[in-house]
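Before any comments, here is the structure.
Not measured: the values here are computed from a predicted model. Here, residue 1 is the first one in the sequence, and each next residue gets the next number.
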Amino acid sequence: MSAIQTNGEEVIFHPIANDRLACPLGYLKAEHGRQRAICRYFKDADVFARMCEGEGLEDVKRLYVFLTDQLPLHVKDEQDGLFPLLARHANEDEKEVREAIRFLRREQEFDKDLIDFILADLKTLLKGRKLVNSLRLELNLDTLLEGLCRHSKWEAESLLPIAEKILGPEVRQEVKSRMQSWR
């Protein structure tokens, strides 16, 4: 795997290996950690400045791939793989699980709108042109990265432990099968 060092932390830009899908909840937890590392990397003011000044084309490409390929696959893993099964198997005492899933789905929809604005600016940078207003990209990207960090941290620390309690081996196998089917 290729990695970039920043502030002593490795940021891995390649997705988690598919062989880790054998444990789908562990895979999702690892992906959340990777996403938080990517968010920290792109929140660095120097990285952002290089991207906008045309010196960080590789970073622009990495961010573009993350937002167009990797993040949508993760969202599909959650929305079509984990969330429906978790909601189905949560009992009446776990009403907050269904409410959390509804909130997470709304948050992911909001992220899609931000991503559209960000991608428009990234496409301009990928063409080697400068942005007319880099503040728009900075604010949209910062909002997205903050939300992704918060979202992935909460899921890893709160939702996935609940899923580990609720979902038995057969259901986890179904989550795994669903996730494998779109790879």
query = Going through the distances and angles, do F66 and L148 end up as a side chain to side chain contact (heavy atoms under 4.5 Å, CB included)?
reply = CA-CA 12 Å; F66 174 68; L148 285 176; 4.1 Å; yes
message = Looking at S152 and C149, would you say the former's side chain and the latter's main chain have a donor-acceptor pair under 3.5 Å?
response = yes
message = Quick check: do L125 and L137 have side-chain heavy atoms less than 4.5 Å from each other?
response = yes
ask   = Do L167 and H89 have side-chain heavy atoms sitting under 4.5 Å apart?
value = yes
task = Rounded to the nearest 0.5 Å, what's the gap from CG on D113 to CG on L144? Could you check?
result = 11.0 Å
key: Pairwise side-chain contact, L71 with D111, heavy-atom cut-off 4.5 Å (strictly under)   = no
key: Flag, side chain of R98 to backbone of A90, donor-acceptor distance under 3.5 Å   = yes
message = In the structure I gave you, are the side-chain heavy atoms of L63 and L141 within less than 4.5 Å of one another anywhere?
response = yes
remark   = Rounded to the nearest 0.5 Å, the CG atom of D121 sits from the CG atom of N133 at a distance of 8.0 Å
message = Is there a path of hydrophobic side-chain contacts, each under 4.5 Å between heavy atoms, that joins I166 and L104?
response = yes
task = State the CZ-CD1 distance between R36 and I38, to the nearest 0.5 angstrom.
result = 11.5 Å
ask   = Would you say the side chain of F13 lies within less than 4.5 Å of the side chain of Y41, judging by non-hydrogen atoms?
value = yes
request  = Could you check L21 against R183 for side chain to side chain contact (heavy atoms under 4.5 Å, CB included), going step by step and ending with a plain yes or no?
outcome  = CA-CA 11 Å; L21 283 171; R183 281 177 168 70; 3.5 Å; yes
task = Taking Q70 for its side chain and Q35 for its backbone only, find out whether a donor-acceptor pair lies under 3.5 Å.
result = no
inquiry  = Using the rule that Ile, Leu, Val, Met, Phe, Trp and Tyr join whenever any side-chain heavy atoms are under 4.5 Å apart, tell me whether V75 and F117 fall into a single cluster.
reply    = no
inquiry  = Looking at every non-hydrogen atom in both residues, tell me the closest pair between A22 and P24 and how far apart they are.
reply    = O-CD, 3.5 Å
task = State whether the side chain of R178 and the backbone N or O of L82 hold a donor-acceptor pair below 3.5 Å, judged by distance alone.
result = no
request  = Evaluate side chain to side chain contact (heavy atoms under 4.5 Å, CB included) for R136 paired with L131, printing each intermediate quantity in order.
outcome  = CA-CA 9 Å; R136 179 178 80 171; L131 298 175; 5.9 Å; no
request  = Check the hydrophobic clustering (I, L, V, M, F, W, Y; side-chain heavy atoms under 4.5 Å; chains of links allowed) and say if L73 and L28 are grouped together.
outcome  = yes
request  = Group every Ile, Leu, Val, Met, Phe, Trp and Tyr by side-chain heavy-atom contacts under 4.5 Å, then state whether Y64 and L67 land in the same group.
outcome  = yes
message = Looking at R105 and Q79, would you say the former's side chain and the latter's main chain have a donor-acceptor pair under 3.5 Å?
response = yes
query = Does F110 reach the side chain of T143, with side-chain heavy atoms less than 4.5 Å apart?
reply = yes
ask   = Do F48 and D142 have side chains that get closer than 4.5 Å, going by heavy atoms?
value = no
Stepwise side chain to side chain contact (heavy atoms under 4.5 Å, CB included) test for W154 and E107 = CA-CA 12 Å; W154 184 85; E107 199 170 58; over 6 Å; no
message = Could you measure the distance from the CD1 atom of I16 to the NE2 atom of H32? Nearest 0.5 Å is fine.
response = 11.0 Å
Reported CE-to-CD distance for the pair M179 and E31, which is rounded to 0.5 angstrom = 8.5 Å
query = Which pair of non-hydrogen atoms, one from P161 and one from A156, has the smallest distance, and what is that distance?
reply = CD-O, 3.4 Å
ask   = Going only through I, L, V, M, F, W and Y residues with side-chain contacts under 4.5 Å, is there a path from I115 to L139?
value = no
task = Give, for atom CG of D46 and atom CE of M51, the distance between the pair rounded to the nearest 0.5 Å.
result = 12.5 Å
query = Taking Y27 as the fixed residue, which of D77, V175, D19 is the one that meets the side-chain contact (heavy atoms from CB on, under 4.5 Å) rule?
reply = D77
key: Ion pair check, K130 and E53, cut-off under 4.0 Å   = yes
